[in-house]
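Scroll down for the structure; my scribbles are underneath it.
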Amino acid sequence: MNVEFILNGKAKSFDASPGESLKTLLRRQGMVSVRDGCDDEGSCGLCAVLLDGKTVNSCLILAAQVQGREVVTVEHYRQDPLIRTIQRALVDTACVQCGYCTPAVALAIRDLLGRSPDPKDEEITDALSGIICRCTGYLQFKDAVRLAAIRAKDPDYVLPPDIEFKPELRHIGKDREKVDADMLARGERAFVEDRVGEDACWIELLGSPVAHAWIAEIDTAAAEAMPGVVAILTHKNCPSLPYTTAGQGFPEPSPYDQRMFTKKVRHVGDRVAAVMAETKEEARAAAAAILVRYEVLKPVLSIAEAKSPSAPAIHSGQISYMVGSPPPGTSVEGDGRDDPIIYQFPLHADPHRNLAASAHAGIGDMEWGFADADLLIERSYKANRVQSTPMEPHTVYAYMDGGRLVLRASTQVPWHVRRIVSRAIGIPEHKVRVIKERVGGGFGAKQDIVVEDIAGYLAWTTRRPVYFRYTREQEFTASRTRHAMEITVRLGAKKDGRLTAILMKLNADTGPYGQHCLTVPMNAISKSLPLLLCDNARFEVNSYYTNLSPAGAYQGYGAPKGSFALQTAMAELAEALGMDQLDILEKNRVRSGSRIEILKSLGEGREGSAVTLGTCSLGDMIARGKEAFGWDGPKPIPSDSDWKIGRGAVIIQQGSGLPGLDAANAEIRLLPDGTVLVLSGGADLGTGLDTVAAKAAAETLGLEMEDVSVVSGDTDATPFDKGAYASSGTYFSGKAALLAAEDLKSKILTVSSKILGEPEEELRLVPRGVVEGKKGRISFAKLGHMAVQGEGHGDLVGFGSFKTDHAAFPYGAHFVQAAVNPRTGEVKVQRYHAYQDCGTPINPALAKGQVYGAILKSIGHSLYEEMLFDENGRCLNPRFLDYKVPTMAELPEDLHVELMPVEDEVGPYGAKSISEISVNGAAPAIAIAIHDAVGAWVREWPFTPERVLKALGKL
Amino acid sequence: MVETLLTPQDLGQALSMVRTDPAAAFLAGGTYLLTSQFSREKMNLISLDLVTPRSISREATKEGPFLSIGAGATFQDLLDSPIVPKQIKKACSSMVDRNIRNRATVGGNIGADKSCASLVPLFIALGSIYRCAEGMDVEAAAWHKKERVANPSALSAKAAQRLVLQVLVPLGRNIFCAFARYSRTGCDLSVLTCAVSAKKKEGLIDPESLALCLGGLGPKAERYTSLERDLAASLVDGAIPDKGTIEALARSHFSPISDTRGSAEFKRLRAGILLADALHSLEALA
């Protein structure tokens, strides 16, 4: 049917099918700013457009319904100056992280300012109520609206600088524009979906309807004969090469227990077949036509079931080790039917008994420590599965180019993708090129290779381009989620609160496969236990296979759950001793110069070593928080007597990459126009890592930010980087960029010395891009031009490579005030203060944005986010209508973040990490606040109204 | 999956089309019918976009003792209207997502007839009248009592006359009402909704007039007449009993099911609290 409407100011006429949504039609017309995070459920708001001036979700409107009406997308900014003003305001207030939601946010603000030029806070919340953003925590959107409102009246208004650090430096410690922010705010082509060619085929994955079964028969004949079908992959015709999907450094501390397809399915949604067809509809139809007969097995749906001696074995193939021997008493002989598992080295596993990995270690004398205690407490905590829900799902575009496979991927780990895909397909690594596009949220889930192997193999074998994109439901069922964990904490203490012994027993549910099966649970220990000084400490970590959805990396990487258990247990101990909970933390916490002995037992895949801490600002952060938060002051009296007020505070920590394991590299080239090109291996997920690299170059070389271009995460064009995980971006990739800049600076001075005839030590770089000596000067442009004219000294390229054994711990103190309704069980976080050390904040506003986002996510995890499963292992809430994530309506009334830096001696300009740590505070702080309000300990999170009422004995 | 889409220019054409294809559903804002939950079902739709506002009003106006709400009005239209009472606005606000409120219509909300439909409980509790196509007036409670049709494509298929064009909400200084909801988050769909209304005579509640409607406890929002009688009997000198009494009284009347949004036990308890809170916040429908 023909549809006529005004699109971005111009009358247009389109052909549309009766069921075609406005979203689909607009994307078909190249309006790529119209995104999709919920598969047309209408729950994410990312496909928003203005329809007759009002924001609407274009996925819920048929193209035919806009006949005669006016539609505006963010691409209209050239004709609508207010849209451009808003886009700039979003950039200037550091609102653009991954940028996947930014165009929708811009339009919602356009709608708002059109009807309310000076909006109040509640109007802003209402205007943005329909948009889910997982990165920002929404708070800075308010700043953007206010700034846009001012600039709508005064276009020349300049935002005054916020707090700055490192006064001796020009860019570091100051807010500078994120290098990709403007492009993302404009809604330009940036993501994988924007790169897909018109001739690309589509992949539809047929997932298992049952949690545990053998595929007894599979018949694809009818499906293969259907129109448009190019290829169908099953376990019968795919490579059967073992690998792990965990994008970790090789050799990985994760078992090789996966293959592209296998004859056994181990969770609902597990791979059964993949159909490649010329259109999405054809692929879907063919997938539905595949006939499968399952030999259904009893599923294992909990840690308790997995531990049971009578539990079915989820993996029953032969177990082998590349290095080392199986632990004594474990079963290694396969049943001859299931596929073998390979461990790169021993993880104290016993897969045939569903134990994927384990680690038990400690320091001191536990028996003596508990005997020496005046008081012992033992508490058990449970934390359920949560999903990171990046707004852009896992997606890849695979095609052949020059006889090589190219993967345009939304990934955190381009080099690991290259290695793992080449292994899975069975081709040499050099035959694969991975190009990381802008990533619409990763949060750890995109540290795993879940779509690239299938798409890569199909493109390689068919020689045709192919696009594979997970649905939102598949993000829940077949992506990677945070491990469910059960943690028992036993504490011994003297009457004055000093700890004599700490025992943490942790059982984790890694799901059907073992990616990150040991490292995530271990991180729950290694980022919580070292916060407390105790001579006698022990942990026992066991990670079990189950038939629930696969677990893996998620921001914090286990640390939030360890923090929840240990910090809450400390508060329970304080209560038992009649102490203020902050006093007991103060008595036992690490401090400057502390010797952290437990780190001997917490090596990351190798022997650990004790660390003597340098400067630790935890004391300052606690003191500042107590004062600014008003910890010792009276609690407010709620106007509604149903509500009670409580407070909680915690101390937290994280790491900055993996010392001794991680490595990062960067190159910086001087270009003929006197600017530089940074080739960074780092994978910017929207966190601003490319901006960190650009700042390092601009700062070191005396350039402005616009003089620096960044290309990153391309395995052909940029040097190796371990990828973006473990809070390593700024520390490792940023440091590599800094070293490359220093190397280039050195080369520039050497060459300039010869040209100017002055000794190097008498030359210096001065802004903007000039080498100045005592007698003469030469510009970078001249140097760069000479290099390409045959009269210089060749390309001037700096190279930086960084690895370290130094451990850099960021710390934080978080304070919460919550209102709890003991009638209904509801909890509202009213105030959240985070006092946070990230070393030198390279870009303060972006750093704070990371903290806001982490806090709001962790509030969601603490109060309502939870994957639910039925008795057959089927996820019951794999969509945003049922799995609730925070929206702007969930912002605490008072969300306050202060950066309190303590410079690290190794990190770039003294920086440490910031991206993960702030997810560690909410759960324990809120649990403690709930207890403070109503006297009940809720030991299972999320703290839903039902669980609060149960803790109160009302249900 | 939309099999066919008809785009009538006026109401007459729309009614004629549904008579020709009784399996077709009227498509209003689309915020329910076009969600992906129905994307794999074949649907024949009759779009009302061109019919509204020519034949289906988007206005809220006062008509004698009634507030007349055009079925084409969006939730945001009602929130922006200066004459819509605050209790109705509160019910509209329970659709928290502004993008959805800009499209979702009163008629669509009625037609979808979901258990937690935002406006339906209030319309039922207030004894509102649905003015339907072909001039029929039907009391809201009676309209919603019709057999629920599982297939959304048949939501409006019963007959052309089921198409609601206008809602007449009785107004009066002696009419008191309240709306309350429970949801898991600020921007969630409602898990439970509750609307209550009563008339007052000389400052005292008329027991005969007490009406309450709850959503989220069964397949659709419904009145709990036996609970109304129990509550009426519990009035002390025309005054609402304390919250604890109401909660205790209410629980045995509710038979919710356990699902992802809460256990039956929790919903039963929570619905009682919601009802008690609503009854204690009755305000004149001004």
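The figures here come from the full heavy-atom set of this structure, side chains too, leaving out hydrogens, waters and symmetry mates. Lettering follows sequence order; numbering is per chain, from 1.
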Seminar exercise, completed: Whatever's closer than 4.5 Å to a heavy atom in chain A on B/Asp49 counts as side chain
For this session: Go through B/Gly186, B/Cys187, B/Gly30 and name the one with the most non-hydrogen pairs under 4.5 angstrom from chain A.
Result: B/Cys187
Problem set entry | Interface residue of largest heavy-atom contact number with chain A, from B/Val96, B/Asp188, B/Thr31, under 4.5 Å | B/Asp188
Exercise. Which members of residues 946-955 of chain A, sorted by number, sit under 4.5 angstrom from chain B on a heavy-atom basis?
Worked result: A/Glu946, A/Leu949, A/Lys954, A/Leu955
Exercise. Between B/Asn102, B/Thr35, B/Asp259, which has the largest tally of heavy atom pairs under 4.5 Å with chain A?
Worked result: B/Asn102
Exercise. Based on non-hydrogen pairs under 4.5 Å, which of A/Leu881, A/Asp642, A/Leu51, A/Val66 is most in contact with chain B?
Worked result: A/Leu881
For this session: Please tell me if the side chains of A/Val386 and A/Tyr883 come closer than 4.5 Å, counting only heavy atoms from C-beta onward.
Result: yes
Exercise. With a 4.5 angstrom heavy-atom cut-off, which part of A/Leu128 approaches chain B: side chain, backbone, both or neither?
Worked result: neither
Problem set entry | Student check: side-chain heavy atoms of B/Pro8 and B/Met17 closer than 4.5 Å | yes
Exercise. Just by distance, do the side chain of A/Asn877 and the backbone of A/Glu866 share a donor-acceptor pair under 3.5 Å?
Worked result: yes
Problem set entry | Criterion salt bridge (charged side-chain N to carboxylate O under 4.0 Å, His left out) on A/Asp40 and A/Lys23, from CA distance to verdict | CA-CA 9 Å; A/Asp40 301 344; A/Lys23 180 200 77 175; 2.6 Å; yes
Seminar exercise, completed: Heaviest contributor of heavy-atom pairs below 4.5 Å to chain A, chosen from B/Leu189, B/Leu6, B/Leu27, is B/Leu27
Problem set entry | chain B interface, residue from A/Lys54, A/Lys884, A/Glu41 that has the most non-hydrogen pairs under 4.5 Å | A/Lys884
Problem set entry | Region of A/Arg879 that comes under 4.5 Å of a non-hydrogen atom in chain B | neither
Exercise. Taking all non-hydrogen atoms of both residues, which atom of A/Phe476 and which atom of A/Thr389 are closest, and how far apart?
Worked result: CZ-CG2, 3.8 Å
Seminar exercise, completed: Looking only at A/Leu868, A/Asp111, A/Thr125, A/Asp882, the option with the highest number of non-hydrogen pairs under 4.5 Å against chain B is A/Asp882
For this session: Check each atom of A/Met888 against the heavy atoms of chain B and say whether the ones under 4.5 Å are side chain, backbone, both or neither.
Result: neither
Exercise. Nearest heavy-atom pair of B/Ala28 and B/Arg103: which atoms, and what distance?
Worked result: O-NH2, 4.1 Å
Exercise. Going by residue number, which parts of residues 262-279 of chain B are within reach of chain A, meaning a heavy-atom gap below 4.5 Å?
Worked result: B/Gly262, B/Ser263, B/Glu265, B/Phe266, B/Leu269, B/Arg270, B/Ile273, B/Ala276, B/Asp277
For this session: Side-chain contact test, heavy atoms from C-beta onward, threshold under 4.5 Å: evaluate it for A/Arg115 versus B/Asp80 and give yes or no.
Result: no
Exercise. Looking only at heavy atoms, which two atoms of A/Ala108 and A/Ile131 are closest? And how far apart?
Worked result: CB-CD1, 3.8 Å
For this session: For B/Leu33 and B/Leu45, work out which heavy atoms get closest and say how close.
Result: CD1-CD2, 3.9 Å
Seminar exercise, completed: Rounded to the nearest 0.5 Å, the CG atom of B/Leu165 sits from the OG1 atom of B/Thr52 at a distance of 9.5 Å
Problem set entry | Segment of A/Pro945 engaging chain B (4.5 angstrom heavy-atom cut-off) | both
Exercise. Checking B/Thr260 against chain A: side chain, backbone, both or neither under 4.5 Å from a heavy atom?
Worked result: both
Problem set entry | Segment of A/Thr887 engaging chain B (4.5 angstrom heavy-atom cut-off) | side chain
Exercise. When you check the gap from the basic side-chain N to the acidic O, do B/Lys86 and B/Glu283 get nearer than 4.0 Å?
Worked result: yes
Problem set entry | A/Thr55 vs A/Val49 side-chain heavy atoms within contact, under 4.5 Å | no
For this session: Please look at A/Asp39 and chain B and tell me whether the side chain, the backbone, both or neither of the residue comes under 4.5 angstrom of a heavy atom of that chain.
Result: backbone
Exercise. Do side-chain atoms of A/Gln67 reach the backbone of A/Ala64 as a donor and acceptor pair under 3.5 angstrom?
Worked result: no
For this session: Below 4.5 Å from any heavy atom of chain B, which atoms of A/Asp870 appear? Answer side chain, backbone, both or neither.
Result: neither
For this session: Measure the spacing between CD1 of B/Ile56 and CG of B/Leu48 and express it to the nearest 0.5 Å.
Result: 4.5 Å
For this session: Could you tell me which non-hydrogen atom of A/Pro638 sits nearest to which non-hydrogen atom of A/Trp643, and how far apart they are?
Result: CG-O, 3.1 Å
Exercise. With only heavy atoms counted, which part of A/Glu826 is less than 4.5 Å from chain B, the side chain, the backbone, both or neither?
Worked result: side chain
For this session: Calculate, to the nearest 0.5 Å, the distance between atoms OG1 and CG belonging to B/Thr185 and A/Leu863 respectively.
Result: 10.5 Å
For this session: Could you tell me which portion of A/Leu876 (side chain, backbone, both or neither) has an atom closer than 4.5 angstrom to a non-hydrogen atom of chain B?
Result: both
Exercise. Hey, does B/Ser234 have a side-chain heavy atom less than 4.5 Å from the side chain of B/Leu249?
Worked result: yes
For this session: Measure A/Glu890 against the heavy atoms of chain B and call it side chain, backbone, both or neither at under 4.5 Å.
Result: side chain
Problem set entry | Considering all heavy atoms, the nearest B/Ala60-B/Val84 contact | CB-CG2, 3.8 Å
Exercise. Looking at A/Val56, A/Asn57, A/Asp126, which makes the most heavy-atom pairs under 4.5 Å with chain B?
Worked result: A/Asp126
Exercise. Can we call the ring centroids of A/Phe5 and A/Phe14 under 6.0 Å apart?
Worked result: yes
